[in-house]
J.: 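Shown below is the structure under consideration.
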Amino acid sequence: QVQLVESGGGLVQAGGSLRLSCAASGRTFSGYVMGWFRQAPGKARDFVAAISSGGTNTHYADSVKGRFTISRDNAKNTVYLQMDSLKPEDTAVYYCAARSGTLLSSRTYDYAYWGQGTQVTVSS
């Protein structure tokens with residue numbers, strides 16, 4: 001079992017920045033691929049970014065490429081999502097997720113463990 005807790009969400013103006021954190025506990029954090037997803041009201045949960053267990057490989061959705069950066073600190077059992085140049089369309093609840101294996105999957109069903117989410121609101 002892996003327990004995930006997100007933090008760092010909030011209200012920010014368009015063009016601003018936020019950094020989300022996801023703290024993990026339970027089984028060995030460094031053995032998991034970690035992902036960030038987001039869900040806007042009335043919409044499906046969408047992939048944002050993923051990072052390999054060692055942190056060397058990353059994968060991003062086209063909509064955030066060049067603006068968001070995923071990273072992890074295995075010593076602190078934490079994964080981060082640095083979000084810059086935020087747009088109103090980035091408004092959503094952001095979730096972190098964990099999966100075994102090496103695939104940097106963009107599919108929600110490939111991830112076994114999920115956090116409770118943190119709200120990000122970007123005003124225009």
J.: Please report the C-alpha distance between Glu89 and Val122 in whole Å, then the side-chain angles of each, then the deciding distance to 0.1 Å, and finally whether the side chain to side chain contact (heavy atoms under 4.5 Å, CB included) criterion is met.
T.: CA-CA 8 Å; Glu89 51 263 44; Val122 184; over 6 Å; no
J.: Do the side chains of Val93 and Met83 join up, straight or via other hydrophobic residues, at under 4.5 Å, putting them in one cluster?
T.: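 Different hydrophobic clusters.
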J.: Return the set of residues passing side chain to side chain contact (heavy atoms under 4.5 Å, CB included) with Ser52 (not counting sequence neighbours), or none when no residue passes.
T.: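 Checked Ser52 against side chain to side chain contact (heavy atoms under 4.5 Å, CB included); matches are Thr56, Asn57, Leu104.
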J.: Verify the cluster assignment for Trp114 and Tyr32: are they in a single hydrophobic cluster under the rule of side-chain heavy atoms below 4.5 Å apart?
T.: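 No; Tyr32 is not reachable from Trp114 via cluster members.
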J.: Which pairs would a plain distance check flag for residues 34-43, meaning a side-chain donor or acceptor within less than 3.5 Å of a matching protein atom at least two apart in sequence or in another chain?
T.:
{"unit_1": "Trp36", "atom_1": "NE1", "unit_2": "Tyr80", "atom_2": "O", "d": "3.4"}
{"unit_1": "Arg38", "atom_1": "NH1", "unit_2": "Asp90", "atom_2": "OD1", "d": "2.9"}
{"unit_1": "Arg38", "atom_1": "NH1", "unit_2": "Tyr94", "atom_2": "OH", "d": "2.9"}
{"unit_1": "Gln39", "atom_1": "OE1", "unit_2": "Arg45", "atom_2": "NE", "d": "3.2"}
{"unit_1": "Gln39", "atom_1": "OE1", "unit_2": "Arg45", "atom_2": "NH2", "d": "3.3"}
{"unit_1": "Gln39", "atom_1": "NE2", "unit_2": "Lys43", "atom_2": "O", "d": "3.1"}

J.: Would you say Thr69 and Tyr60 make side-chain contact, with heavy atoms under 4.5 Å?
T.: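 Yes; the side chains approach each other to less than 4.5 Å.
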J.: Could you list the donor-acceptor pairs under 3.5 angstrom formed between side-chain atoms of residues 13-25 and any protein atom two or more places apart in sequence or on another chain?
T.:
{"unit_1": "Ser17", "atom_1": "OG", "unit_2": "Asp84", "atom_2": "OD1", "d": "2.7"}
{"unit_1": "Ser25", "atom_1": "OG", "unit_2": "Gln3", "atom_2": "OE1", "d": "3.4"}

J.: Please report the shortest heavy-atom distance between Ser53 and Gly31, naming the atom on each side.
T.: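 The pair with the smallest heavy-atom distance is CB-C, 4.0 Å.
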J.: I need the minimum non-hydrogen distance between Lys76 and Thr78, along with the two atoms involved.
T.: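 Scanning both residues completely, I find the closest heavy atoms to be O-OG1, 2.8 Å.
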J.: Is the backbone of Gln116 close enough, under 3.5 Å, to the side chain of Glu6 for a donor and an acceptor to pair up by distance?
T.: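 Yes: the side chain of Glu6 pairs with the backbone of Gln116.
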J.: Sequence neighbours excluded, which residues qualify as side chain to side chain contact (heavy atoms under 4.5 Å, CB included) partners of Ser85?
T.: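 If we apply the side chain to side chain contact (heavy atoms under 4.5 Å, CB included) test to Ser85, skipping adjacent residues, the hits are Arg67.
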J.: Taking Arg72 for the side chain and Gly55 for the main chain, is one N or O donor matched with an acceptor at less than 3.5 Å?
T.: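 Absent.
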J.: With rounding to the nearest 0.5 Å, note down the distance linking CG in Asp110 to CZ in Phe47.
T.: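 Asp110 CG to Phe47 CZ: 11.0 Å, rounded to 0.5 Å.
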J.: CD1 of Ile70 to SG of Cys96: how many Å apart, nearest 0.5 Å?
T.: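 SG of Cys96 is found 9.0 Å from CD1 of Ile70.
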J.: Kindly indicate whether the side chain of Tyr111, heavy atoms from C-beta on, has any atom under 4.5 Å from the side chain of Val33.
T.: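 Yes, close enough: below the 4.5 Å cut-off.
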J.: Would you mind listing the cluster partners of Leu11? Hydrophobic ones only (ILVMFWY), side-chain contacts under 4.5 Å, chaining allowed.
T.: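 Joined to Leu11, directly or through intermediates: none.
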J.: Taking it one step at a time, do Phe29 and Val2 satisfy side chain to side chain contact (heavy atoms under 4.5 Å, CB included)?
T.: CA-CA 8 Å; Phe29 172 75; Val2 176; 5.7 Å; no
J.: Between Leu81 and Ala49, which heavy-atom pair has the shortest distance, and what is it?
T.: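 Taking every non-hydrogen atom into account, CD1-CB, 4.3 Å.
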J.: Nearest 0.5 Å, what's the CZ-OH distance between Arg99 and Tyr109?
T.: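 Going from CZ on Arg99 over to OH on Tyr109, the span is 10.5 Å.
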J.: Can you see which heavy atom on Asn74 is nearest to which on Ser30, and at what distance?
T.: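 The answer is ND2-CB, 3.5 Å.
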J.: Please check if Leu4 and Ile51 belong to a single hydrophobic cluster, counting links between Ile, Leu, Val, Met, Phe, Trp and Tyr side chain heavy atoms closer than 4.5 Å.
T.: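 Looking at the clustering, Ile51 is in the same group as Leu4.
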J.: Enumerate the residue pairs fulfilling disulfide (SG to SG under 2.5 Å) with a member in residues 27-68, sequence neighbours excluded, ordered by first and then second residue.
T.: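 Qualifying pairs: none.
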J.: Taking all atoms of both residues into account, what is the closest heavy-atom pair of Val48 and Val64, and its distance?
T.: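 That closest heavy-atom pairing would be O-CG2, 3.5 Å.
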